Structures are given as C-alpha cells and as structure tokens.
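Step one of this worksheet: look at the structure below.
All heavy atoms count here, side chains included; hydrogens, waters and symmetry mates do not. Note that the structure is predicted; figures quoted are calculated from it, not measured.
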2 protein chains.
Amino acid sequence: MKPTIRDVAKMAGVSISTVSRVMNSPESVVEAKRSRVLEAIEKLQYQPNAFARGLIYRKSFTLGLLIPDIENMYFAGIIRGMQDACVKLGYSLMICNTDRDKDRLLSYIDAFREKQVDGIVFASDILYPEYYEKLTACRIPFVLLSSHSDEFEVPSVEVDDEEAAYEAVKFLIELGHREIGMIGFNHVNSVSGPPRYEGFIRAMKEGGLTHNIEKVAYAEHRFEQAYHATHELFSAHPDITAVFCVADEFAMGTISYLKDRNILVPGQVSVVGFDNLRMANMFIPKLTTVAQPIYELGYRAAEKLHELLTTGSVKVPKEMMKHKLIVRESSRQR
Amino acid sequence: MKPTIRDVAKMAGVSISTVSRVMNSPESVVEAKRSRVLEAIEKLQYQPNAFARGLIYRKSFTLGLLIPDIENMYFAGIIRGMQDACVKLGYSLMICNTDRDKDRLLSYIDAFREKQVDGIVFASDILYPEYYEKLTACRIPFVLLSSHSDEFEVPSVEVDDEEAAYEAVKFLIELGHREIGMIGFNHVNSVSGPPRYEGFIRAMKEGGLTHNIEKVAYAEHRFEQAYHATHELFSAHPDITAVFCVADEFAMGTISYLKDRNILVPGQVSVVGFDNLRMANMFIPKLTTVAQPIYELGYRAAEKLHELLTTGSVKVPKEMMKHKLIVRESSRQR
DNA sequence: AAGGTAATTGTAAGCGCTTAAAAAAGTTAT
DNA sequence: ATAACTTTTTTAAGCGCTTACAATTACCTT
C-alpha cells in the first residue's frame, strides 16, 4: 500500500495537518518537528496523492496537446519544446494524436475534460466553431499553436506564413528563376495553406511574374500526394525551373518525382521546402527551406498557456515567431 | 463551476447515490428514475470528476510511455499504436521523452507515480537495476517495448533482433556481396546493439566470410554519427560493397556519406537499413530495410500492459513480433 | 505569578465520488 | 389486511488531502 499522510504523521508523531503544512508552508512548522516529518517522508518514500490534491485544488497540473499527425516530424520538435516547458513549469503533458479525425478530436477533448487537464494546446488545425464551442463549454483554457483564429479571441503562437512564403519565393526569383511553381496545402481544412499561397502570389506580383500564379498544385500533408501533385504540375507546366513547396515533406515528394523523371535537383530545377525538419538536413540533396523555430514554438505555446492559466489572460495574444530561410543544396542560381 | 453529482441529483430529484448507480450499474435503478437521471446528466453536460473516482478506485486509467528520443521517427509509430490501443481499452496516455537522460527518466517515473499512472511502457532502453528498483519501489507495473530483461522478470514485446539482422546480412550475401561492413549501435547502453551485431556475425560465419567480422563501425542513434562512422568504415576498408545499417537513419547517413564521396548506391555499394520508418520509402534511393511492425509493437505493448494490470500477470511474458525484409532500391545484385 | 499576545499544533469539515448498510417501498402469500 | 420477503432508494462513511478555526503552548509584560 502506498503510504499516506497518516503514515507519515504517525511515524513523526504529529498530526496530519502538520505534515501537510511541512509540505505546503514549511516555515510555519517549528524546526524540530519539521525535520522529523521530513525524515519520515524520506523514510517512507511518501508522495502526496495527486487525486486528493486535485480534488481540493481543482487542478491537475497537466496540460493537453492536440496534434493532427504524430507521424509528421514537425510535431516531434513541438512535443520536445512543449515538454521541456512543462518540466520547467511543473506540469505533466498529455499528448493526443487526432489523425485528423474530427470525432477523435472531440472525444479527446472529452478525455481531457474528464482528466481535468488544466489547459490545452491546440496545434496546426483550424479552430472550427464546433471545437471552440466544445472547449468553451468544457471551460478548458487553450491556446493555438501554428494556427490562429480571426473569428474567436484565442491566444496563438505561430510563424508569419505569408511573409515566410513570400521570402522563400522571392529567394527563388532572386536566383534568376522565372518559371516557378508551387506545391501547396489544399485550402480546405488548412491553416497555413492560404497564407503561404498569398505569400507566393505577392512575390510573383512584386517580381512581375504573374503568369506563374496558376502554376500551383495541391496535396494534403503527405509525401505521396506531393509526388502526384508534382506530376500534375510538371505535366501542365514542363518549363518550370523552381518549385516552392509548403512543407519539407512535400519538397521530398517533389524531388523524388523529379528524380524519377531524371530531372536534376538543383541542376535543372530548384526546390525550396518549409519547416526545416531534421530530415531536411538528411535528405539528398539537403533541402533549402524556410526554418520554423519548431522547438521554440512548442515551448512558447506551453508558456503562453501557463500564462493564461495563472493570470487569466495573455500579454501578447497573437504571437509571431521568427522564421528564417536556410539555403542548402536543393536550390541553385539559374 | 463544473456540475457535480449533486447537481444532477437535485435536477433529477433523487439522491446522489442513485445518480452514481445509474452510471455504474444502471440495471439496479428503476427505469423511470434512470431516464430522469440520464436526462439531467445530458442537460448539465455532467461528467464525473476523475479525481474523486481516482481517489476511490486508486486507478487513473492512464498509462505512461517512456521513450528515449521523440525525434526518432520510430517512436511516432509506437505512439500511434499505443494510443489506438489505449483508446480501445479506455485509457489515456501520458508520453515522456527522456532525451536519453537518466535523471530525466527517473524524475518522469516520479511524475508518473504522483499522477498515479496505472502502468508504464518502457521503450527501447536497457532496464538498469536502478530503474527496475525504482519502478518496483513505486509499485508501478510495467512492460518493456523493443527491449527485454534477462536479469529481471518483466514482460516484453520486441522483434528478434539477432534473427532480423542475420536475415538482412544473409540477403546481402545472397546478392553476391563478399566485402560487407556494418554500422552498428554502440554496445554500451544499447538494447539492440549486441543482438544485431550477433546476427551479423552469424551470417558471416555461415557464409564463410569471417574476415568481415571486424568491418564494423559504431554510432549512437543519429544520422551525423552514422555519417562519420561510415567514413571510418570506408577509410579502413575501401573495398566494402555492402553495408548493413542497424537503423534506417544510419542507412541514410551512410548513403549520404557515400554520395558525398561519389560512390553510387546501389551501383557500387548496397545499403540495408533497419526499422522501415516512413522515411525509408521517401529517401532517395528508397531503402531496402528490415521492417519492424512498429505500430503493432506499440499496440501490443499497451495490450500487454493492460493484461498485466487486469490479471496480474501475462500469458506470454516475452513476446516476439515478426520482422520482414523489404527490398527496395538501396541494394543490388553484385 | 497572572494575564495577554503570538506562534504553533490539532480538530474537523469538506473536495466529489462509491458503496455497504439501513431504510423505504413494493410484492406476494396467507 | 398483515406478515414476510424482495427490490429500490437513501444515508452515511470514507478515499487522501488542505485549511479554517479552535486549542494548546511558548513567550513577554507588568
């Protein structure tokens, strides 16, 4: 049987409230007793029961993280960052992978509520009214990660997708490319799909290359789809010499396709990715990509949630973190 | 304020114990009242407080997962499998990433204990006596995943590393290779390092190729280290025509090194990986590799832990799951 | 030494739930 | 109609902890 506060009290020869005070406000207990209690705690390996405390404080010191796809390496970094922040803040972390399934997501929110998580980080997904209402009805505070809401007032941490995409495409233009395509996220159900597309458009307009605006093919998250999208893109526009991919995984799909068609990257076609996953540096060729501060995004999201939980609000409701173009081997001067 | 069982009782005009019974043994409550209670529950969106239940049942319906490196894609599949099993079994999952840090691991066990997780899956790490004792002292049941213990009696789920490695190397021999090297895990602190090395040795002996036994270089988990290890390996043995890598990430490191040296894969050198990560199919060239049933390993580990929790023991203490060689593009007939 | 104040400790209520035991309500047999 | 059961419901204790409040002890003053 796990020792309880009674066992400690008995061993130390004090009442349970004294033991409790030793743990919660040690200075209010006279030194002699305090050390006896501490000794008993040590000897019994006593640890307070989180259920009992939770019942009283109505807090679990646990945060929830909702991610759409654990197999996307992006989230490995998010998780690391968030977990480190949780350790620092004295919280535990409960991660739920929705596999982009609406029902799963909703039922995970229920699970979070039942387990009384103190707050949730909602990552990389659109905050549909349905979700917002559920979360609000459950009275669980939450923040958005790599997402934001225009409709509702919800704190968020993300990267400036439009600007980041713009810079990536601008880089391609500066490299001398004139026929530039894009592999984007399907705009439906996508948070970063539209802004990254807008960034592409802005760069094109600015560069006087508006004829490229239609050179866009779409995929949904996975390598294989990006591969097929690239096929469509190049079938329709064989003259393309550079492709902006809105995800590193897409860039890999694109490069694989080009490889299979014996088109050299970066020799004939330059490819720029997005995210700077760990894989971006392992792929052949190493990917030129727009780096997101992935770890930091996770870290900040947890901090922000904590701020929301402890102060009731948040200083910077919509926080943008810095991206950075990283030039490697998949792009080249035209 | 979240509604409590009292609110439901009041609304339904019954005592709280009736409400409780509606939830726990509905047949013991007469239909008329039962439906009134159910209605009240629905109307109030009532959900029992997990703290209160936990206090009584001494169960959290939460499992813990301890993994060494969330950035290793291997664990993404493990997590998916385990989470799906948890959903099926009515459990929540708490994941902790130790970053291979002993102190972190130990403190996560404390956190698990405090949060009263019902059991732990301990993945891909050696069960040191220190860990075993801590877990035992905390009285938390646990199972090993992609690991096992000869020293202690602990249920485990894994793949037959020795046999799998043996088959991979045998495949290379059958392809006609005679000068075969290996990029292995450092044997210290490694679970699968030794058996995979043994498999390599066995295949070599069987093939009468014992001169290869010393053609082994070691790395610890990461791409960059595998890259360097490959450099060592080829510096010492430039005649190698095939490399068995004990992880897909190593295979990528090896191939990257060879690429940088203008050595063609599979043209001049064949490379076989291990794991069959999702990336194995995205890399260029696609990796020939020994597939582990990653998702299933996670799933089974959770099931096994559940079996241990509910029955107190486990039918098959040391369970081996099937591996399978998958031939893709990184290997070729010599 | 008595009285007053401050510091320390103990008692008991209560967090939201389950469940054994007691009480109430409903059935059946006489 | 009443006794003797059976079924259903309520009462109350308790899970392990915190904390307001009461009780005790220690320490000053005069």
Side-chain angles (χ1 to χ4, degrees), chain A residues 1-41 44-62 90 110 113-118 138-139, chain B residues 1-41 44-62 90 110 113-118 138-139:
Chain A
M1 215 47 227
K2 267 195 72 175
T4 73
I5 197 170
R6 308 205 115 71
D7 302 315
V8 177
K10 200 171 296 170
M11 176 176 270
V14 298
S15 75
I16 60 167
S17 60
T18 299
V19 176
S20 178
R21 264 189 253 99
V22 167
M23 298 181 337
N24 299 300
S25 49
E27 72 288 351
S28 73
V29 175
V30 85
E31 162 60 22
K33 292 195 180 170
R34 196 196 320 162
S35 60
R36 251 159 55 212
V37 169
L38 257 12
E39 198 179 317
I41 287 177
L44 292 170
Q45 286 257 43
Y46 168 75
Q47 211 183 16
N49 182 313
F51 293 139
R53 299 184 94 143
L55 202 48
I56 293 163
Y57 291 130
R58 298 185 160 66
K59 280 206 66 172
S60 60
F61 291 96
T62 299
D110 275 331
R113 178 159 100 122
E114 196 200 322
K115 293 281 154 66
Q116 324 264 330
V117 301
D118 299 330
C138 292
R139 302 159 159 287
Chain B
M1 214 48 225
K2 266 196 72 175
T4 74
I5 197 171
R6 309 204 113 71
D7 301 316
V8 177
K10 199 171 296 169
M11 176 177 268
V14 298
S15 76
I16 61 167
S17 62
T18 299
V19 176
S20 177
R21 269 163 29 250
V22 167
M23 298 179 344
N24 299 300
S25 50
E27 72 289 351
S28 74
V29 175
V30 85
E31 162 59 23
K33 291 194 180 168
R34 196 195 321 161
S35 60
R36 250 160 56 213
V37 168
L38 257 12
E39 197 180 319
I41 286 178
L44 291 170
Q45 286 257 42
Y46 169 74
Q47 211 183 15
N49 183 312
F51 293 138
R53 301 184 94 146
L55 201 47
I56 293 164
Y57 292 129
R58 297 184 162 68
K59 280 206 65 172
S60 60
F61 290 96
T62 300
D110 275 331
R113 177 159 101 123
E114 196 200 320
K115 294 281 154 66
Q116 322 265 332
V117 301
D118 299 329
C138 292
R139 303 159 158 287

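Sorted by residue number, the members of residues 23-31 of chain A with any non-hydrogen atom under 4.0 Å from DNA chain C read A:Ser28, A:Val29, A:Val30.
Electrostatic pairing of A:Glu31 and A:Arg34 counts as a salt bridge here, judged by a charged N lying under 4.0 Å from a carboxylate O.
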Contacts under 3.5 Å, N or O only, protein and nucleotides 10-14 of chain C:
from: C:dG10; atom 1: OP2; to: A:Ser15; atom 2: N; distance (Å): 3.0
from: C:dG10; atom 1: OP2; to: A:Ser15; atom 2: OG; distance (Å): 3.0
from: C:dG10; atom 1: OP2; to: A:Thr18; atom 2: OG1; distance (Å): 2.7
from: C:dG10; atom 1: N7; to: A:Ser17; atom 2: OG; distance (Å): 3.1
from: C:dG10; atom 1: N7; to: A:Arg21; atom 2: NH2; distance (Å): 3.0
from: C:dG10; atom 1: O6; to: A:Arg21; atom 2: NH2; distance (Å): 3.2
from: C:dT11; atom 1: O4; to: A:Ser17; atom 2: OG; distance (Å): 3.4

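What separates CD1 of A:Ile41 from P of D:dC17 is a distance of 10 Å, to the nearest Å. One can place CZ of B:Arg53 at 19 Å from P of D:dC15, the figure rounded to the nearest angstrom. For the pair A:Ile5 CD1 and D:dC15 P, the computed distance is 14 Å after rounding to whole Å. Taking atom CG of A:Asn49 as the reference point, atom P of D:dG16 lies 7 Å away to the nearest angstrom. Whole-Å rounding puts the B:Leu55 CG to C:dT19 C1' distance at 14 Å. The OH atom of A:Tyr46 sits 10 Å away from the P atom of D:dG16 (whole-angstrom rounding).
Closest approach to the A:Thr4 side chain among C:dG16, D:dT19, D:dG16 is made by D:dG16 (side chain taken as heavy atoms from C-beta onward).
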Working for side-chain contact (heavy atoms from CB on, under 4.5 Å), residues A:Lys115 and B:Phe61:
CA-CA 9 Å; A:Lys115 293 281 154 66; B:Phe61 290 96; 4.2 Å; yes

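Counting only distance, with no hydrogens or angles, the side chain of B:Glu114 and the backbone of A:Gln47 share no donor-acceptor pair below 3.5 Å.
Among the protein residues, A:Phe51 comes within range of no part of the nucleic acid, since none of its heavy atoms lies under 4.0 Å from any strand.
Shortest non-hydrogen contact noted between A:Asp118 and A:Arg58 is OD1-O, 4.5 Å.
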